[in-house]
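A quick write-up on the structure given underneath.
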There are 2 protein chains.
Amino acid sequence: MTPMLHYAPGACSLAAHIALLEAGADFELRLVKFAENQQHSPQYRELNPLSRVPVLVTDRGPLTENLAILAWVAQTWPKSKLAPIDDPWGLAQVESFNSFVASSVHVAFSHLFRPGRWVDSEPAQKATAAKAPDMLRALFDIVETKLAAGPFVHGKQFTTSDPYLCVMSRWLFRTGVSDATRHPRVRAHATLIQERPATLAALAAEGLTAN
Amino acid sequence: MTPMLHYAPGACSLAAHIALLEAGADFELRLVKFAENQQHSPQYRELNPLSRVPVLVTDRGPLTENLAILAWVAQTWPKSKLAPIDDPWGLAQVESFNSFVASSVHVAFSHLFRPGRWVDSEPAQKATAAKAPDMLRALFDIVETKLAAGPFVHGKQFTTSDPYLCVMSRWLFRTGVSDATRHPRVRAHATLIQERPATLAALAAEGLTAN
């Protein structure tokens with residue numbers, strides 16, 4: 001079967017979407033309608049008990065977690081050179097950055113967007129969302145330093161870390177949590193990645209525009 | 001140089017520590033004294049700007065994030081078979097589980113142990129820590145289902161996911177958030193992993209005992 005990517009527009013699944021297009025993969029898209037709570041349906045929870053996107057379904061079954069989908073795409077389409085798969089150390093650096101995005105950057109955003117996931121009372125939710133921007137700016141300070149070599153996250157070679165970061169940067173600037181003055185390299189990187197044909201095609205397919 | 005693992009006793013760095021011993025790697029340990037705030041020193045922040053453990057320093061530089069260290073160890077000592085490195089799909093499943101541990105399970109524990117990381121006021125911190133046990137039990141319900149095949153996370157083959165889960169399960173049971181009645185397979189898995197020579201050696205080196 002053709003791999004099927006379950007996504008929600010502009011969600012972190014956009015990173016997997018871009019990577020599949022960068023790889024030249026043949027795949028299908030399946031919209032998960034969050035407004036209709038489809039992610040909580042029994043059918044979807046069979047694919048991902050966390051009720052999150054992305055899920056990539058292949059003939060071997062479902063694969064969850066952006067980081068793992070990105071790694072699988074890089075390995076399955078090696079000619080696209082989306083990760084240094086013949087260099088364990090270089091590959092580990094890509095994994096390290098992607099893990100930082102998943103477990104620190106994305107998690108910080110979830111405190112801004114969905115504080116109710118973390119705490120129940122309304123005042124505590126407000127306090128949680130209020131602290132998130134400072135956390136995010138500090139995390140993107142680390143990214144800003146990392147981008148000193150550039151133009152890509154890991155230097156001259158585009159990797160899966162680039163679309164993954166780009167999705168987070170889109171959230172960063174769209175929410176006004178930061179701007180080009182505080183994070184100029186992050187801003188330039190987000191623009192660079194959003195000029196690539198794969199990113200433009202993914203954005204169009206999800207009904208989005210570059211920002 | 002011999003790889004040097006920066007760790008704190010019983011922290012999530014224990015997973016990398018166990019994996020290095022399972023691999024038969026030659027490495028050194030470097031204690032990071034959290035009580036003295038060594039993780040915030042300029043020298044340590046050069047290794048990891050997040051001020052976290054583990055960091056594995058090799059002759060190619062520092063490697064951060066448990067998931068990435070586990071992946072590098074599995075690739076660097078392939079005979080230890082700590083991950084199905086010749087099967088991209090199987091490898092992606094290991095990455096997926098490890099990403100789930102890093103970005104969901106460990107993050108939920110951080111709301112229990114360090115609510116001040118996420119919110120400032122004392123009432124909100126209490127509310128954050130109060131919600132964490134329910135989140136953790138729900139996450140370990142997913143793990144309980146995953147362990148149905150067993151005896152290891154991914155079935156018959158021990159992988160890096162096993163020590164990583166084991167460290168989280170130690171926290172789960174030590175804090176009393178769950179027990180063998182609610183999560184019998186998780187409890188049996190934690191015992192199984194803590195009977196292995198590599199785990200026992202890692203625990204002893206960190207001044208800990210099995211639980």
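Being a predicted model, the structure only gives us computed values, none of them experimental.
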**Message:** With no hydrogens and no angle check, just 3.5 Å: does a side-chain donor-acceptor pair link B:S96 and A:E65?
**Reply:** no
How long is the span from the [atom1] atom in [X] to the [atom2] atom in [Y], to the nearest 0.5 Å?
X: A:I85; Y: B:I85; atom1: CD1; atom2: CD1; answer: 12.5 Å
X: A:F100; Y: B:N48; atom1: CZ; atom2: CG; answer: 9.0 Å
X: A:T64; Y: B:E95; atom1: OG1; atom2: CD; answer: 11.5 Å

Can you check whether [X] reaches [Y] side chain to side chain, under 4.5 Å on heavy atoms?
X: B:W118; Y: A:M135; value: yes
X: A:W89; Y: B:L63; value: yes
X: B:V107; Y: A:H106; value: no
X: B:L139; Y: A:L50; value: yes
X: A:R52; Y: B:S104; value: yes
X: B:H111; Y: A:H111; value: yes

Do other residues, nucleotides or ligands put more than 12 heavy atoms under 6.0 Å from the [atom1] atom of [X]?
X: B:R187; atom1: CZ; answer: yes
X: B:R182; atom1: CZ; answer: yes
X: B:R114; atom1: CZ; answer: no

**Fill in**
Counting heavy-atom pairs under 4.5 angstrom with chain B, the leader among A:N66, A:T58, A:V94 is A:T58
**Request:** Select, from A:K126, A:Q75, A:Q125, the one with the greatest count of heavy-atom pairs under 4.5 Å involving chain B.
**Result:** A:Q75
Does any heavy atom of chain A fall under 4.5 Å from the side chain of [X], the backbone, both, or neither of them?
X: B:P78; value: neither
X: B:I69; value: neither
X: B:P49; value: both

**Request:** List the atom of B:R117, the atom of A:K131, and the distance in Å for their closest heavy-atom pair.
**Result:** O-CE, 3.3 Å
**Message:** Give me the atom names and distance for the closest heavy-atom approach of B:W72 to A:A92.
**Reply:** CB-CB, 3.9 Å
**Prompt:** So what's closer than 4.5 Å to chain B heavy atoms on A:L91: side chain, backbone, both or neither?
**Reply:** side chain
**Item:** Largest heavy-atom contact set with chain A, pairs under 4.5 Å, which of B:A124, B:S99, B:A127, B:G61
**Value:** B:S99
**Pair B:R60-A:D87, side chain to side chain contact (heavy atoms under 4.5 Å, CB included): steps then yes or no** = CA-CA 12 Å; B:R60 292 189 67 181; A:D87 169 14; 3.0 Å; yes
